[in-house]
Protein chains: 2
Amino acid sequence: MREVTSKIRVIVAEDQGMVLGALAALLETEPDIAVCGKAANGREALTAIAKQKPDVLVTDIEMPEMTGLTLAAEVRDRHPQTRVVILTTFARPGYLRRALDAGAKGYLLKDRPAAELAEAVRRVHRGLRVVDPDLAAEAWDSGPDPLTERERQILWRAGEGKASLEIAEELRLSEGTVRNYLSEAISKLGAANRVDAARIARAKGWL
Amino acid sequence: MREVTSKIRVIVAEDQGMVLGALAALLETEPDIAVCGKAANGREALTAIAKQKPDVLVTDIEMPEMTGLTLAAEVRDRHPQTRVVILTTFARPGYLRRALDAGAKGYLLKDRPAAELAEAVRRVHRGLRVVDPDLAAEAWDSGPDPLTERERQILWRAGEGKASLEIAEELRLSEGTVRNYLSEAISKLGAANRVDAARIARAKGWL
DNA sequence: AATCGCACATGACAGATGTCATCACCAACT
DNA sequence: AGTTGGTGATGACATCTGTCATGTGCGATT
């Protein structure tokens, strides 16, 4: 008869305190999982990981101070024994691609059934991957991010409602240059205008 | 010695399945609280409430089919014995105002510490209110929603990146009329342009 | 009856946006 | 050396946006 193995030790990172506590409570109901740390941002998570050496990190993407994607890359580099599961609201192929590039082994959406979280933790602990097949296919189909870094910076600001002149001053460019970049981004994304382009880019995870 | 009272019976409504399960797990760790139902949208919640007659409903705002605000008003009208706690991501004074108008007894933000959820459930069960004082003050200071219904409909679309002509066709108005409405909304909100106006209105909970 | 606010409209005009052509510089690649 | 792509620029022009004036109709209020 095989020996009873110890529990899977998990750290959870999530900037909304109540969701953080709730996710920890959810995982703690599993007999084979133990939550050994909670973090409210990426920086706290790194500190906790260095101290606790968990088997798995479950992290959101959009957090202050350090995004979950940056955190995943740091964990891959500094703590390769800790496997990372991204848990996010956003079904964005660009986010998925960047998550996998950053070394994440799982990418789970918050709108999935609750039981899938523990199952994902078990699977990545065993060395398997957990990615929604539909989202993976969409990431494949949508191709790579067509925006250059400058276009992204400018489009982001335009999507926030900033005028071309305002963006130009902020980035120390001429207004004509900003308009050229915006026009290029609008064309690449097949959008009607700058706001539409920003919306499309966000939906794809490119912004 | 006072008699041990029964547990507070709670239903949770939240469209993200994993967060729903996690919140239920969190509440179930409290010895004096029992989760007697979970719902993925407002309609399911109403059905569950009719059947279970819970003491408290904890609900998100942005859900498909029926928002938490509409749900709260329905619960006030049809099940006055069930007290409502709104649990949301958005610190928007307009949402708070509408929540209280709809009969909610609590308005809690998801970025608060996890322990506050159970405490809020206990307090509203006792007939007390739970509202963040800073948010209440902000709701008071920002005054009522200055937008007319038509302005709101048009501003929402403009904020999505739609052109004036497109909005005009969609709402069967002339383009000039749409521009007039937009100009009025921009002016009322002290915004620089339509995107800025939509952002401000969203932050206030008016959109 | 008079007034007010909202909904809806037309028209004129100034400023912003988006497109397009054209150009220079630089780093990376063939 | 030649090519490619990114960055940055100017200028011209068509279209869109936002403002403003002015107007009508309707329901609610005074």
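All values derive from a computational prediction rather than experimental measurement. So that the names make sense, note that chain A is the first sequence line, chain B the second, and so on, each numbered from 1.
Remark: B:Lys38 pairs with no residue by the salt bridge (charged side-chain N to carboxylate O under 4.0 Å, His left out) rule, at least two apart or across chains.
Taking the ring centre of B:Tyr95 as origin, the terminal cationic atom of B:Arg98 falls outside the region bounded by 6.0 Å and 45° from the ring axis.
Counting only N and O atoms by type, the side chains of B:Thr89 and A:Gln16 include a donor and acceptor under 3.5 Å apart. Judged purely by distance below 3.5 Å, without hydrogens or angles, the side chains of A:Ser164 and A:Arg194 pair a donor atom with an acceptor atom.
Counting to the nearest Å, the P atom of C:dG18 and the CD atom of A:Glu151 are 14 Å from each other. Distance CG (A:Leu189) to P (C:dG18): 13 Å, rounded to an integer number of Å. Distance CD1 (A:Ile167) to P (D:dA9): 14 Å, rounded to an integer number of Å. Put simply, OH on A:Tyr181 is 18 Å from C1' on C:dT17, counting in whole angstrom units. Per the geometry, CG belonging to B:Leu171 stands 15 Å off C1' belonging to C:dA9, to the nearest Å. A:Lys188 places its NZ atom 16 Å from the C1' atom of C:dT19, with the value rounded to the nearest Å.
Among the nucleotides C:dA7, D:dT17, D:dG8, the one closest to the side chain of B:Glu175 is D:dT17.
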Do B:Met18 and A:Leu87 pass the side-chain contact (heavy atoms from CB on, under 4.5 Å) test, and can you show the C-alpha distance, the side-chain angles, and the key distance before you say yes or no? CA-CA 10 Å; B:Met18 199 166 295; A:Leu87 176 62; 3.3 Å; yes
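Between B:Asp145 and the options B:Lys188, B:Lys204, B:Arg97, B:Arg152, a salt bridge (charged side-chain N to carboxylate O under 4.0 Å, His left out) holds for only B:Arg152.
Residues A:Lys162 and B:Glu149 both approach DNA chain C. Their nearest nucleotides, taken by heavy-atom distance, put B:Glu149 toward the 5′ side.
Between A:Ser174 and D:dA9 there is a side-chain N or O to OP1 or OP2 distance below 4.0 Å.
In this structure, A:Thr177 reaches the bases: a heavy-atom distance under 4.0 Å links it to at least one base atom across the strands shown.
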Per-nt protein contacts along nucleotides 18-24 of chain D (heavy atom under 4.0 Å; B base, S backbone sugar-phosphate only, - none) come out as BBBB---
